[in-house]
Number of protein chains: 2
Amino acid sequence: MTVRLDETDRKILLQLQQDAAQSLDDIARKVGSSKTPVWNRIRKMKEAGIIGAQVALLDAESLGFDACFFVLIRTSEHEADWQAAFLKALKDRPEVQEAHRLAGDIDYILKVRVRNARAYDAFYQALISEVKVHNVTALLSMEQIKSTTALPL
Amino acid sequence: MTVRLDETDRKILLQLQQDAAQSLDDIARKVGSSKTPVWNRIRKMKEAGIIGAQVALLDAESLGFDACFFVLIRTSEHEADWQAAFLKALKDRPEVQEAHRLAGDIDYILKVRVRNARAYDAFYQALISEVKVHNVTALLSMEQIKSTTALPL
DNA sequence: ACTGAAATCTTTGAAAG
DNA sequence: CTTTCAAAGATTTCAGT
C-alpha cells in the first residue's frame, strides 16, 4: 500500500488540500505539467487511498455552532465490550468531530461541536448514561485561532 | 450576515460536507429539487460565507504522518504582545492543524500532526524558543477513532 | 511517461412559465 | 421561485510520440 510520490505528486496534493474545486488545467499549470498526466496521478493516488473524500468546509459560526469543547476522558474500564460500546457511541453521535485513544494518563480526547452549552450538557448526559467513564474534563474553546485539514507535506 | 436556511438548504449542505465532488444533478436529485435552484442556493451560501473552501482530505498514515499530539498549554503571559507573537508562531507552523484559546485553567490547546516523535520534539523546541510558555502537556494519540469535518446540522 | 485532441458530462446563465 | 434550454467549460478517454 505504499506508493512512492515524487515532487509533482506532492505539489498536486498541496493544491488539492488547499482548493479541490480548481480545474485540472489550473492545477496542471501550477505544478508545471499538463492535464492528462496530472489526471493520471490523481487517479492513482485516489486508488491508493492517499486522496480521500472531497468535502466542502462549512462555517461553524454562521450556522450557529457557537460552542466547541475538547473533552478529556479517563476510564477504569478497559475490556473489549466496554470499548466497543464506547466507540459505537462516539461514532453514532454527529457532534463528535474527532475522537482519539491516547497514550498515558488520559484515555480519550474528543472534539465536540455543538450549538451552545446546553447542547453540550445534553450530549454529556447522554454519553455517560450509555457508557461508564471514570472522569471527564471539558475544555471550552473561546476562540478558534487556527483550523486546517492540510497535512504539512 | 445571517441567512435564513430552509430544509432544502440544509440538505444541500449535508451533501456538500459529505461529498463535494458529486454533480449538481446528483445533489438536486438527492435533495428533491433540480439543478438551477440548487446552484443558486449554493452560490448564495458561498457568498454569505456559510460554505467555505472545498478541499481534498488526505490520508495522514499513508503519507507517513504517524504521530498526532494534542498539546495543552498554560502560560503566565497574557499581554497583547506575547499573544500576538504566540498566534503568529502557531499560524506559521504547518504542523499545527488546530489551535484554540480556552476558558479556564488551561490557556490553549493545539492539535499537531507530525511524521514521528522526533518531529514533534523539533516542533516543541522551536515553539518554546520563540515564545515563553509556563507549562506544556503533550497527549499522544495512539489511534484516531473518528475524524470528520462535518457539522451536526 | 507526456501531448493533443475528441467525446462526454457539468456548470453557468438567460429566458420564460 | 422553479424549469427548460443552450453555450461555455471541464473531465475523461484514447491514439500518437
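The sequence lines fix the lettering, A, B, ..., with proteins before strands; numbering per chain opens at 1.
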Is the phosphate of dT13(D) approached by Arg43(A) (side-chain N or O, under 4.0 Å from OP1 or OP2)? no
Between Leu72(A) and Leu139(B), is the side chain to side chain contact (heavy atoms under 4.5 Å, CB included) condition met? List the steps. CA-CA 10 Å; Leu72(A) 308 178; Leu139(B) 308 174; 4.0 Å; yes
In whole angstrom, what separates Ile12(A)'s CD1 from dA1(C)'s P? 12 Å
Quick one: Glu7(B) CD to dC1(D) C1', roughly how many Å, whole number? 18 Å
Pi-cation contact, Phe65(B) with Arg113(B) (under 6.0 Å, within 45°): no
Taking for each residue the nucleotide of DNA chain D with the nearest heavy atom, is it Ser33(B) or Ala21(A) whose nucleotide lies nearer the 5' end? Ser33(B)
Whole-Å distance between dC5(D) P and Lys35(B) NZ? 11 Å
All heavy atoms of Gln15(A) vs all of Val31(A), minimum pair found to be CG-CG1, 4.4 Å
Ile51(A) vs Asp59(B), test: side chain to side chain contact (heavy atoms under 4.5 Å, CB included). Steps then yes/no. CA-CA 6 Å; Ile51(A) 299 174; Asp59(B) 185 62; over 6 Å; no
For atom CG of Leu24(A) and atom C1' of dT13(D), their distance in whole Å: 13 Å
Tell me: CG of Asn40(B) to C1' of dG13(C), nearest whole Å? 9 Å
Regarding the side chain of Trp39(B), the nearest nucleotide among dA10(D), dT12(C), dT2(D) is dT12(C)
Measure from CG on Leu16(B) to P on dT11(C) and round the result to the nearest Å. 11 Å
With a 6.0 Å cut-off on ring centres, are Tyr108(B) and Phe86(B) close enough? yes
Please report, rounded to the nearest Å, how far the C1' atom of dA10(D) is from the CG atom of Asp25(B). 15 Å
Under 3.5 Å, is there any donor-acceptor pair linking the side chain of Thr36(B) to the base of dG13(C)? yes
Closest listed nucleotide, where the reference is the side chain of Pro37(A) and the choices are dT11(D), dT11(C), dT3(C): dT3(C)
Short side-chain N/O contact from Arg41(B) to OP1 or OP2 of dT2(D), under 4.0 Å: yes
To the nearest angstrom, how far is Asp26(B) atom CG from dT11(D) atom P? 16 Å
